[in-house]
Amino acid sequence: MSGRYVAAIDQGTTSTRCILFDRQGRLVSIAQREHRQSFPRPGWVEHDGLEIWHNTIQVVDSAVRKASADYRQISALGVTNQRETTIMWDRGSGLPVAPAITWQDTRTNATAQELRTSPFAQRVHQLTGLQPEGYYASLRLRWLLDHIPGLQAKADRGEVLAGTMDSWLIWNLTGGATGAETRHVTDVTNASRTLLMDIDTCQWHPELLSGLDLPLSILPEIRPSLDNYGHTSDVLPGTPIGAVLGDQQAALFGQHCFQSGQAKCTLGSGSFLLMNTGVQPIRSQSGLISTVGYQIRGQDPVYAHEGSIAVTGSLVQWLRDGLGLIKTPAEIETLAMTVPDNGGCYLVPAFAGLFAPHWQSEARGVVVGLTGFINKGHIARAALEATAWQIREVIDAMTADTGIVPTQLRVDGGMTANNLLMQILADALGIEVTRAMVPETVALGAAYAAGLTTGLWADRAALPSNTHPAGRWTPHQDPTYRETQHRQWRRAVQRALDWNET
Amino acid sequence: MPGSVQSIERAAAIIRLLSQSSRPLGVVQIANSLGLAKGTAHGLLKTLQKVGFVNQDATTGKYNSLLDTQGVATGHVDPHELRARSINYADSLASRTGEAVRVGVLNEQSPREVLVRTVHHVFRPDRSSQTLEIGTDAEVHACALGKALLAYNAGAAIITATGPLARRTACTIIDAPELARSLADIRAKGWAADFEELSIGQAGIAAPIRLAGGLVVGAIGISGELDRITSRSGQHATVAPKKALVAEVLQTAGHIVAEFGEPA
């Protein structure tokens, strides 16, 4: 393959990015466009699918221009996406039938609760490796079919398609409503988040579909992550799409976590800790989930253990947009550095309930320990500590499930630019934290995967090594102080539980 | 009195209007409030955005003033903001050159002393054990990063020249007129270098991060072993930085400047 670049489209929670990498895995150019977060009701979070698709077209064009490149120099395209966010669209017009329901949305929590307490729940867990939570795509599909007038009838007539954001993008990239080669597909990592996929066979399971009364016709075809997904029609015309991966799985790939036991934590809007567990999924006893890590065409899937934290970077955005405490996300560090510690206040950002390891959808956010002494600097500090403590909880749960005690944590994602946060994290965990050379490991993983499929790199051994850390933080704190703070945090979490009454 | 420049008067009015407003405003609102044609207001806003005085929200298209927050009138950019906009390209520079990368700003805490503060540090991509130096200060006259900042800040250069110039190595410039010549040379070339001036066996190359209009908000540089950063050429085997490395540093500085032109 003679192409100079691989392009990755990273369709994230708050923005869509296109990043070009060269054959040495180095970032050549990056373009980004944020999209609107819509909160039509408390607990509801929606995105506009068309806005995201138009942004995608623009960032791809922008990234190629910034690299002073020609689209023919792009040898492969990889797509990675925010997982679980669900969208349905009309096959004929190509228009979404409703706003996309995002992974942070809580409207299906009640349905999930019913499912969890029903006799069917055990069968679901046995087949999918997941406990029913509002989080997963299938419940959102059911909600749309129940609440959009006429949609069920259209779905029964085969006029409607559904999917996670990867399916929406691939459908549009390969030609959309008017294309002859349009593909309606998804990959195993995305499909493993729907509550509809058998985790052992990696296929849709009829019992799971009929349990929610969902027609098979609306669902995309499940493919391995590294596979031939067709060619783009108008965007970078004729470029092979070589990989699709959910964003956290892409980061696992980008961080070279190809061996069982290797783990990474991506700090973004939410934070996600994933550990490669090899060719067998591990059923969690501690509130974590089994998921597919990735699958290479022709090979067995590789599984991963995951702990997901809903609100970390989103908290910083809320301080900016909801409270007006800061004007830009980077300012949180400046504000937090105006004070030496949290002043006794603790913030638990359970905005969408609590995810791993508690999984309590009734929890809501709290700030405790307020006195007249507390100023916005302390709040900023508490906001950063909230990220660190939530990650600590997930690591402790992962150790309980797997028996593996990490001695080092590899991190990536936008929040790793925050130097104070990284030190707070090392202190809260009591272990060394290292930052990956490329913060954009999600996009890099998608690029690696796509390049492997199209032959730009011969095999995984040929992938450029990005294991050299760009930065390292070691714990400075007195262990007694750390455990006191940890205890206070756990007490604050108790205050967040059982708030919402449906 | 001679006519004042109408564009500047109008720009000042836009800034004041945005600063007074509790929420971002769109171009039509701004034009109507100030009695400007929409096209005129749009042109002014685009230039104000380019120089970093206003920001346009990428999704709503509305504008807000940055003057009260980033201290742009004083030329100070929040160091964490600088790091956020530099990080992707700084990491890439470290990867491409194989050397440690630093982004620095002038630290004028003391009225009698100017230092260069490291606001971002990327490890040299090898297996060696390194310590993160974010938040540390160094002598501004003794390293490329500092000199790249000093060359474009007359006030800081004066303070530095009037104080004693500390000698770090036998090569450190400690003579004020010699430093002034070195800074003038940096302005002519657009980049700075140091050869064993901060520590023996080490060298550095740095470029200013210069926003539209000429304001320097920081500098970015690489540093490492003398033999990797420099080469000897000519009859007298003069030490000079490798051209390819200088080009990489300059290109990275350019990318970072472009990031400042993007909506936040």
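Here is how names work: the chains are called A, B, and so on, in the same order as the sequence lines, proteins then strands, and each is numbered from 1. Below, all heavy atoms of this structure are taken into account, side chains as well, without hydrogens, waters or symmetry copies.
Between the CG atom in A:L420 and the CD1 atom in B:I134 there is a gap of 11.0 Å [rounded to 0.5 Å]. One finds the CD atom of B:E259 at 8.5 Å from the CD atom of A:Q32 (value rounded to the nearest 0.5 Å). Between atom CE of residue A:M422 and atom CG of residue B:L132 there is a gap of 11.0 Å, rounded to the nearest 0.5 Å. Once rounded to the nearest 0.5 Å, the distance linking OG of B:S92 with CD of A:E440 reads 11.0 Å. To the nearest 0.5 Å, the span separating NE2 on B:H255 from NZ on A:K66 amounts to 9.5 Å. How far CG of A:N419 is from CD1 of B:I87: 9.5 Å, rounded to the nearest 0.5 Å.
Looking only at side-chain heavy atoms (C-beta outward), A:T328 and B:D78 stay at 4.5 Å or farther from each other. Side-chain contact between A:M437 and B:V122 is present, with heavy atoms from C-beta onward closer than 4.5 Å.
When the candidates A:I332, A:I326, A:L27 are compared by the number of heavy-atom contacts under 4.5 Å with chain B, A:L27 comes out ahead. Interface summary for chain A: among B:A94, B:P125, B:A90, the most heavy-atom pairs under 4.5 angstrom belong to B:P125. For chain B, the option among A:A470, A:A417, A:A330 with the highest count of heavy-atom pairs below 4.5 Å is A:A470.
For the pair B:H80 (side chain) and A:E331 (backbone), a donor-acceptor distance under 3.5 Å is absent. With hydrogens and angles ignored, the 3.5 Å screen pairs no side-chain donor or acceptor of B:S95 with any backbone N or O of A:R26.
Under 4.0 Å is where a charged nitrogen must lie from a carboxylate oxygen, and between B:D91 and A:R435 at least one such pair does.
Crowding of A:Q408 atom CD: a count of heavy atoms from other residues, nucleotides or ligands under 6.0 Å exceeding 12. Heavy-atom neighbours of B:K46 NZ from other residues, nucleotides or ligands within 6.0 Å: above the threshold of 12.
For A:N418, the part lying near chain B is the backbone, with the side chain staying farther off; criterion is any non-hydrogen pair under 4.5 Å.
Between B:Y89 and A:I30, the shortest heavy-atom distance links the atoms OH-CG2, 3.5 Å. Residues A:R472 and B:S129 share a closest heavy-atom pair of NH1-CA, 4.5 Å.
Scanning for side chain to side chain donor-acceptor pair (under 3.5 Å) contacts around B:E133 gives B:R102, with sequence neighbours left out.
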Mind listing the side-chain donor-acceptor pairs of residues 242-254 of chain B below 3.5 Å, one per line with the distance, residues two or more places apart or on another chain?
from   : atom 1 : to     : atom 2 : distance (Å)
B:K242 : NZ     : B:R228 : O      : 3.0
B:E248 : OE1    : B:R96  : NE     : 3.0
B:T252 : OG1    : B:E248 : O      : 2.8

